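What follows is a set of notes on a single structure, which appears directly below.
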Amino acid sequence: MQFDHLNFNADDGLMSTEDLRALRLRKKKIESDKKARKYILDINQRYRKMGTSKSNNFLKNMNPFKKAA
């Protein structure tokens with residue numbers, strides 16, 4: 001039996017146990033992938049925020065008339 005992996009409203013009443021197990025595993029994998037992507041997005045946003053504040057401070061503190069050592 002072929003499944004559309006994006007269609008979760010499939011009729012579960014006529015599925016075999018192997019099909020149900022495969023569907024449950026696929027749903028768990030999709031949910032864990034969503035959680036992982038959200039976690040990575042949060043980390044990237046934190047680092048992006050830190051990087052922009054550092055670059056802003058660098059540009060504010062830079063003096064174009066100061067001699068390089």
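Remember, it's a predicted structure, so these values are computed and weren't measured experimentally.
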Candidate pair R37 and L41, rule side chain to side chain contact (heavy atoms under 4.5 Å, CB included), full reasoning: CA-CA 6 Å; R37 283 193 300 269; L41 177 70; over 6 Å; no
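- The side-chain contact (heavy atoms from CB on, under 4.5 Å) search around E18 returns S16, not counting sequence neighbours.
- The side chain to side chain donor-acceptor pair (under 3.5 Å) check on N44 picks up nothing, with sequence neighbours excluded.
- Checked against side-chain contact (heavy atoms from CB on, under 4.5 Å), Y47 has the following partners two or more places apart in sequence or in another chain: I43, M50.
- With salt bridges taken as basic N to acidic carboxylate O contacts below 4.0 Å, none links E31 and K28.
- Using a 4.5 Å cut-off on side-chain heavy atoms (C-beta onward), I30 and K27 make no contact.
- Between the CG atom of D19 and the CZ atom of R26 there is a distance of 9.0 Å, given to the nearest 0.5 Å.
- The residues R46 and D42 are annotated as not salt-bridged, no charged nitrogen and carboxylate oxygen being separated by less than 4.0 angstrom.
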